[in-house]
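Down below is the structure, laid out as structure tokens.
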Amino acid sequence: MEGADDPATDFPLANLPMGVIAGEGRGLRIGVRIGAFIVDCRTLVESGLLAARLDQKITDALSDRSLNAYMALGQSAWRLTRAELTRLLSSETSDLRDHPSRKSIMLPEWGMTAKVPCEIGDYTDFYASVHHATNVGSMFRPDNPLLPNWKHLPIGYHGRSSSMVPSGTQIVRPNGQTVTQDDGPPTFGPTRLLDYEMEVGALIGTGNPIGEPISVNQAMDRVFGLVLLNDWSARDIQKWEYQPLGPFVAKNFASTLSGWVVSLDALEPYRIPLPARPSSDPQPLPYLRWSEDYVLDINLEVLISSAAMRTAGSAPTRISLGNYRDMYWSIAQMIAHHTSGGCNLRTGDLLASGTVSGPTEESRGCLLERTWRGTKPIQLGDGTERKFLQDGDEVIMRAWCQRSGLPRIGFGECRGVIMPAKKL
Ligand code: MN
């Protein structure tokens, strides 16, 4: 398949991420990305090529305008479909390669737009990186960076799904209350401390009935796949509002999602056993312990280009390079804890990791940490400095897995340009 063998592509045959696409007058379709092409699943189903090996409930779901019905079918259906798509898209098989409808099944990606990949249900954002939590905690509470609960449970808050937007959507700088002194009074106006947060999101495929928690050892079977997420954050608004109930208007104005959902089966070669905790740390309680628990070796990159840099045609500047393997809490632990009191997860729910930061300065996943609250500005390729984001800045997030002997697989991009605040 064209482009699928390119060693630099995010989308070789080993990946096959799914999303929802529109373009070329087709309306919304489920798509599977391979190389520089997207498989239009509805047209593929109509061609009859899937009928021999996949039953009708799967092909019906693949013909839908949204991924949710397919996600709800569960892991065995996802695996059957993946195996069949792998067979059809392999260059050795002729069924699709020589099919008369091939050109209307395999669409060049440049003509299509990837949307938010499913109808997002409830959204929960965690705080699962010990490096991020310690860095942020030490800025606000130098003597007591990690609160006593942090190493006992994956901290999270319930966010909004209504403001989830696809990669490429412009982000309007939010207005809100900010203070110059800790105890106020506030003024209302555009945030001056606009930030990004580099995160990995897990999309729930199959949920649980209310009152029936998901055990930690079964949690990963419920995950349809992973996406990149930029949890845009207004730090000055956040600082004034976050106590006592957590972030609110500082984060609910927009979060950007990448368009392609990478399956756990594609990521399987990149599992790393969840590291044993140092003896100085508390061990997790039994309901959060799974002997096969793992993190994933995913490189996470953040770049910024100013409006001037894009006008000049110069490349964006890399701001950070981190790795998802540095997380303290696993996705399985997040799911087990989330449902431990009986909360039901549903198809399309999104559980995000929180900012992914590692032990080095370069691996810090937001500007608050990267510039240490603005005290150590970073330099862009056009010679200007950034403490926080300016209007016209574009934030680009990328993620990929790479190991010798294996094809590189990637997540594509999660992008957004900052637009000026609305006039008051
Ligand atoms: Mn966040």
Side-chain angles (χ1 to χ4, degrees), residues 116 120 122-140 145-147 149-150 153-165 167 169 171 174 176 191 193-204 226-243 245-258 298 300-302 319-320 322-324 326-331 333-335 337-338 349-358 363-371 373 388-389 395-397 399 411 414-416 418:
V116 170
I120 308 290
D122 284 310
Y123 161 49
T124 305
D125 196 21
F126 285 87
Y127 192 49
S129 158
V130 71
H131 304 290
H132 174 67
T134 306
N135 286 337
V136 173
S138 67
M139 286 177 219
F140 295 97
L146 282 187
L147 293 173
N149 55 11
W150 199 90
L153 62 91
I155 298 287
Y157 70 95
H158 287 123
R160 292 288 301 175
S161 55
S162 63
S163 49
M164 293 278 165
V165 296
S167 180
T169 305
I171 303 299
T191 175
L193 307 183
L194 185 57
D195 201 354
Y196 58 78
E197 293 188 337
M198 174 71 178
E199 305 197 16
V200 172
L203 286 168
I204 299 299
L226 305 186
V227 290
L228 300 181
L229 181 142
N230 182 347
D231 179 22
W232 303 98
S233 298
R235 300 302 183 190
D236 43 359
I237 300 172
Q238 184 178 354
K239 182 175 181 238
W240 172 238
E241 74 176 6
Y242 87 102
Q243 297 197 82
L245 285 183
F248 187 22
V249 175
K251 286 170 180 281
N252 71 5
F253 57 95
S255 303
T256 304
L257 286 182
S258 61
I298 306 172
L300 302 168
E301 182 186 41
V302 181
I319 305 302
S320 71
N323 195 298
Y324 194 62
D326 290 326
M327 298 306 276
Y328 191 88
W329 292 102
S330 71
I331 297 169
Q333 289 172 321
M334 294 178 206
I335 293 171
H337 183 68
H338 200 304
D349 283 0
L350 176 65
L351 273 54
S353 60
T355 305
V356 183
S357 291
S363 62
R364 293 172 181 163
C366 63
L367 283 173
L368 177 68
E369 289 171 86
R370 195 71 183 81
T371 70
R373 227 173 161 178
F388 289 92
L389 296 170
V395 177
I396 305 160
M397 297 180 173
F411 285 70
C414 183
R415 285 178 178 256
I418 307 301

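Note that these values count all heavy atoms, side chains included, but never hydrogens, waters or copies made by symmetry. Counting starts at 1 for both ligands and their atoms, following the listed order.
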Within 45 degrees of the axis of the six-membered ring of F140 and under 6.0 Å from its centre: does R373 put its NZ or CZ there?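 The answer is yes; both the distance and angle limits are met.
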D195/L389 under side-chain contact (heavy atoms from CB on, under 4.5 Å): CA gap, chis, key distance, verdict: CA-CA 6 Å; D195 201 354; L389 296 170; 5.6 Å; no
Assess, by modelled atom type and distance only, whether the side chains of W232 and S255 contain a donor and an acceptor separated by less than 3.5 Å.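 No donor-acceptor contact under 3.5 Å links the two side chains.
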Please work out which of the three classes, parallel, tilted or perpendicular, describes the rings of H132 and Y127, given edges at 30° and 60°.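 The rings of Y127 and H132 stand perpendicular, inter-plane angle above 60°.
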Please check this pair: side chain of S138 against backbone of N135, looking for a donor-acceptor N/O pair closer than 3.5 Å.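 The answer is yes, because a donor-acceptor pair under 3.5 Å joins these two groups.
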Within less than 2.8 Å of the Mn ion (ligand 1): protein N, O or S atom count: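 The number of such protein atoms is 4.
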What's the verdict on side-chain contact (heavy atoms from CB on, under 4.5 Å) for V165 and L257, showing C-alpha distance, side-chain angles and the deciding distance? CA-CA 6 Å; V165 296; L257 286 182; over 6 Å; no
